[in-house]
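Counting starts at 1 for both ligands and their atoms, following the listed order.
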Amino acid sequence: MASIEMKNIVKQYGDGYPAVNDVSLDIADGEFMILVGPSGCGKSTLLRMIVGLEDITSGDMVIGGKRVNDLAPRERNLSMVFQNYALYPHMTVYENIAFPLRLSKTPDDEVRRRVTEASDVLELKEHLERKPANLSGGQRQRVAMGRAIVRQAEAFLFDEPLSNLDAKLRGQMRTEIARLQRRLGITTVYVTHDQTEAMTLGDRVCVLRKGSIQQVASPRELYEQP
Ligand code: ADP
Ligand code: ADP
């Protein structure tokens, strides 16, 4: 787990108005931070700069006390959870969770130990031999998070993970993500344009507008504003 510090982050595509314009934001170890704002305000660009999928034009990105500007995504040890969870349909739950460990050639007994531990925490033990197609949306989300846990990632990053779901499932998943994040206590950055998600999920909400931070506050502080 790690803190994420952004210092005067700028992202300039071409010569237009900067997509991200001098953003400074400290996210504490274990904190759940929401990035919210209208389409085009720079949320995804900021998230992609944290993960390393996008170069930073200027400023410093510091993760766990270490400057990561020049580190490739795989060297940052973060875990991005995608909209569709990016599970492999032909693999079982066990193999999906184990996948990052297979890539890093972790010995079999260590793989077994870590997958068992993760599936315990995530209440997936009874489903380890199933394929993703036979899981509920919530269970798929947990498998995606299981992958992040076995890798012992420093932080979770979500980019609008619920935007393709119907209202009922979205409500369930919101509860599930909030519960898991508290249980794991892992630093989380969550991008959304949904007001309900912004007001219910996080410890703090960072409101972006035209590439700049308009406000950073707890949901309660935002709610009580005139
Ligand atoms: P959001 O996620 O809040 O919808 P984005 O981060 O996707 O916003 O985009 C912020 C701004 O940067 C927008 O004006 C968008 O058009 C622009 N932008 C995003 N990606 C690129 C790109 N690859 N090249 C040029 N402009 C981009
Ligand atoms: P979303 O915000 O739903 O992810 P977008 O339409 O903003 O989708 O972006 C889709 C892709 O197009 C992204 O990879 C983004 O970087 C890129 N993109 C967005 N705006 C621009 C732009 N103005 N010029 C070039 N690429 C862009």
Side-chain angles (χ1 to χ4, degrees), residues 4-27 31-63 67-76 78-86 141 144-145 148 153-167 169-170 173-174 177-178 181 186-219 221-223 225:
I4 300 173
E5 296 163 64
M6 298 174 227
K7 298 178 186 164
N8 307 107
I9 298 285
V10 175
K11 178 66 187 188
Q12 179 91 49
Y13 293 109
D15 44 9
Y17 191 82
V20 171
N21 191 8
D22 197 22
V23 163
S24 294
L25 179 66
D26 285 356
I27 304 171
E31 186 172 27
F32 194 145
M33 177 69 79
I34 303 284
L35 301 180
V36 70
S39 181
C41 71
K43 306 182 292 294
S44 309
T45 300
L46 198 53
L47 200 72
R48 294 213 300 266
M49 288 192 286
I50 298 173
V51 194
L53 295 173
E54 200 80 72
D55 285 338
I56 297 168
T57 305
S58 66
D60 288 317
M61 186 68 73
V62 178
I63 298 176
R67 186 176 182 274
V68 298
N69 287 44
D70 304 318
L71 293 187
R74 60 165 48 242
E75 298 171 305
R76 298 187 187 197
L78 305 173
S79 193
M80 185 103 159
V81 181
F82 294 96
Q83 239 168 48
N84 53 9
Y85 315 132
Q141 176 82 64
M145 291 173 96
E154 309 262 29
F156 284 152
L157 306 170
F158 291 90
D159 193 357
E160 309 214 14
L162 308 184
S163 61
N164 289 339
L165 305 178
D166 65 48
L169 190 54
R170 205 156 55 224
M173 299 297 293
R174 250 196 338 259
I177 289 176
Q181 199 276 340
I186 188 164
T187 312
T188 300
V189 187
Y190 187 106
V191 164
T192 184
H193 62 261
D194 182 290
Q195 292 297 328
T196 310
E197 286 174 34
M199 296 304 269
T200 54
L201 272 173
D203 298 314
R204 284 194 298 161
V205 181
C206 174
V207 184
L208 291 167
R209 191 161 296 263
K210 293 182 184 158
S212 301
I213 294 183
Q214 195 173 48
Q215 188 171 27
V216 185
S218 69
E221 287 164 341
L222 285 179
Y223 186 77
Q225 258 170 25

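Those atoms of ligand 1 with a heavy atom of Pro38 less than 4.0 angstrom away are 3 (O). Each of the following atoms of ligand 1 lies closer than 4.0 Å to a heavy atom of Ser39: 4 (O).
The nearest non-hydrogen atom to atom 6 (O) of ligand 1, considering only Leu46, Asp159, Thr45, comes from Thr45.
Nearest heavy atom pair, residue Leu222 against residue Gln215, reads CD2-OE1, 3.3 Å. Contact detail for Val20 and Gly42: the closest heavy-atom pair is CG2-O, 3.8 Å.
Looking at residues two or more places apart in sequence or on another chain, you find no salt bridge (charged side-chain N to carboxylate O under 4.0 Å, His left out) involving Asp22.
Looking at heavy atoms from C-beta onward, Arg67 lies out of side-chain contact with Met61 at the 4.5 angstrom threshold.
For the pair Gly40 and ligand 1, the shortest N or O to N or O distance falls below 3.5 Å.
Close to ligand 1: Cys41, with a non-hydrogen atom less than 4.0 angstrom away.
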Could you give the side-chain donor-acceptor pairs of residues 197-206 under 3.5 Å, partners two or more places apart or in another chain?
unit_1	atom_1	unit_2	atom_2	d
Glu197	OE1	Tyr190	OH	2.8
Glu197	OE1	Thr192	OG1	3.1
Thr200	OG1	Thr196	O	2.7
Asp203	OD2	Phe32	N	2.8
Arg204	NE	Glu31	OE2	2.6
Arg204	NH2	Asp26	O	2.8
Arg204	NH2	Glu31	OE1	3.1
Arg204	NH2	Glu31	OE2	3.4

